[in-house]
A.B. asks: 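This is the structure, below, for whatever I ask next.
Proteins come first, then strands; the chains are lettered A, B, ... in the order of their sequence lines, and each starts at number 1.
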Amino acid sequence: MRASEYLIPTLRETPAEAEVVSHRLLLKAGYIRKAASGFYTLLPLAHRVLQKIMRIIREEMDRQGGQEILLPIMQPAELWLRSGRWQVYGPELFRLKDRHGRDFCLGPTHEEIITELVMGDVRSHKQLPLLLYQMQNKYRDERRPRFGLLRGREFIMKDLYSFDRDEAGLEVSYRKMFEAYQRVFGRLGLEFRPVEADSGPIGGNVSHEFMVLAGSGEALVVHCPGAACGYAANVEKAESGAKRPRHEEEPAALELAPTPGKRTVDDVCAFLEVGPERIVKTLLYETDKGPCAALVRGDREVNEVKLGNAVGAVHLEMAGPETIRRITGAPVGFTGPVGLEGVRFVVDDEVSFMVNCITGANQGDAHYRNVNPGRDFPLPLVTDLRLVREKDPCPRCGLPLLAARGIEVGQVFKLGTKYSEVMGLTYLDEHGAERPVVMGCYGIGVTRTLAAAVEQNHDEQGMIWPAAIAPFAVVVVPVNVRDEVQSELAEKAYAALSGAGVDVLLDDRPERPGVKFKDADLVGYPLRVTVGKTAADGLVELRLRKNGDTRLAGIGELAAVVRALL
RNA sequence: CGGGGCGUAGCUCAGCUUGGCUAGAGCGCUACCUUGGGGUGGUAGAGGCCGCAGGUUCAAGUCCUGUCGCUCCGACCA
């Protein structure tokens, strides 16, 4: 491919709308253009990258026995009404009508239609297991599209669904997919980490997320430094490690302490001259299962996912000042468990071990001292409720955990029979008994992976693609195209590399060398072959984008040297 | 959905407060000259429904109302 004939509209200035690095670079380097909020055109460079990513995904899905299909993107409302998600999905579902006024939606995911498919055509245990996947556009009318390709309203996702006879079969399918994902992200050249994840509203009991590690990632994960242990989890899911032993201290008598205007843990600590680990924080939440009070130590945060799971709530949010006053009779900042009624208590296990702690007194400007869980307030539900943070002990081996940020690019779930039972997806086993199909689902955000690769691999100059997914692995840059020696040698280099099966772009534009070098760095070709001063000697210069290392090579050995470097 | 900000040339932005000739700059683009190892220097050009609609006014890019779009922060998610 020749740059003079190829559409690579790089910008000198960055469009103002872009905030995150991948969005900015993708726009600036001429990979994408916005069509509308959350909708992007992929220009040739991005399209090439996408094709390479999809190819690797396909190969790994197929290797595990996956069979690719193509499903309708536009789907009848009827299907979604039957699963109940026409209502549940809410405004995120893009809805439209055909000319007859019938309701349709643009698929945000494909569980319904694939279940429908399998229900119609799979009846016997002889047809199982089955791994079906598709890689297509999905649509979600996000509340707030942002970050360019990291969160669009239209995006490409690979979804594979596994259908098995029983749990043992599901376990096999799950492991196959887990391995496939490791291979996919490894081949893409990304630094990633699989972590334990909450299965969320999709349900099921086991789930892992695949995180591309990047400082800009929205997700926070913790992992154990112990090589033998290997524990890693999304903080939403991460379990708390070893419990703190009970204080060797005799419970003292409950005592009211005036704390005028001291609403925050910090204020109360300073005023009463105690550490935050002596305080019990009582947070009121409103949930679809009624109000509840979450109790954690003063220096801890509530993990809302754990709280939701503990009370069986799907939606929860912190109560506002009016609600707090109605329930506690006190303003914000003085809520405590002693004498509190009309709410469900959920107590972090760490709190249950505390002795002589300090809590709000449910009256303005006062706290209690020497509060003792169990004695001064009930413990109907003691559970792991706190948010795990860095340096907390690993729940498996006790070593201090490390934290990292990541971009979620894939998630695998064991769905079990949750879906199939609701939808009536069954098969006849070898004894003629009707049994629910055991399902799993496995997604990869393909367009998001493209953006995540940029988030993880860039510098001030531009992108730095892993060779496996670079739009072109090599760019050949003649310094002066009007110099016949240089342009001829550049053509030879281009032909040699093309002939050797390397994806190569010849930057034959009559631009100044500085312009071409800047563009090459911006677009992020892993390797640049510069044809300049040394051309008369038949030598070209090779420069690695990631570290700037350079070396000379003769035209005859070029293809071999390039292949060794990539 | 709540709270801010912004819509003027392909891109980045002035101009609006205090209404007044033909609406500006830099970059990019076109042609020519120059230069030729990190966005060269010059000459001449092209390019605008000032987001849209209504209103006020002798006069609106500028003031008022409405509307649409974009964006950032917050609550939710691949």
A.B. asks: Would you please determine if the base of A78(B) is stacked by F155(A), with stacking meaning a centroid separation under 5.5 angstrom and planes under 30 degrees?
C.D. replies: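 Here the ring of F155(A) and the base of A78(B) are stacked, with centres under 5.5 Å and planes under 30°.
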A.B. asks: Kindly say whether, by distance alone, the side chain of R143(A) makes a donor-acceptor pair under 3.5 Å with the base of C77(B)?
C.D. replies: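 Checked by distance alone, the answer is no.
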A.B. asks: Does a distance-only test, which skips hydrogens and angles, find a donor-acceptor pair under 3.5 Å between the side chain of R528(A) and the base of G38(B)?
C.D. replies: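 Answer yes: a donor N or O sits under 3.5 Å from an acceptor.
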A.B. asks: Does a side-chain N-to-carboxylate-O contact under 4.0 Å join E60(A) and R187(A)?
C.D. replies: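 Answer for the salt bridge query: yes.
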A.B. asks: So for R12(A) and U12(B), does any side-chain atom that can act as donor or acceptor lie under 3.5 Å from a complementary atom in the base?
C.D. replies: no
A.B. asks: Should the side chain of D521(A) and the base of G38(B) be counted as holding a donor-acceptor pair, with the cut-off at 3.5 Å?
C.D. replies: yes
A.B. asks: Would the base of A78(B) count as contacting R151(A) through its side chain, where contact means a donor and an acceptor less than 3.5 Å apart?
C.D. replies: no
A.B. asks: May I ask you to say what E17(A) touches in the nucleic acid, namely base, sugar-phosphate or nothing, with a heavy-atom cut-off under 4.0 Å?
C.D. replies: sugar-phosphate
A.B. asks: Can a donor-acceptor pair under 3.5 Å be found between the side-chain atoms of D519(A) and the base atoms of G39(B)?
C.D. replies: yes
A.B. asks: Under 6.0 Å from the six-membered ring centre of W80(A) and within 45° of its axis: does the NZ or CZ of R95(A) meet both?
C.D. replies: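 No, a cation-pi geometry is absent between R95(A) and W80(A).
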A.B. asks: Between the side-chain atoms of E511(A) and the base atoms of G39(B), is any donor-acceptor pair under 3.5 Å?
C.D. replies: no
A.B. asks: Between D521(A) and K516(A) (salt bridge meaning N to carboxylate O under 4.0 Å), is one present in this structure?
C.D. replies: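 No, D521(A) and K516(A) are not salt-bridged.
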A.B. asks: So R405(A) and E455(A), do their side chains get closer than 4.5 Å, heavy atoms only?
C.D. replies: no
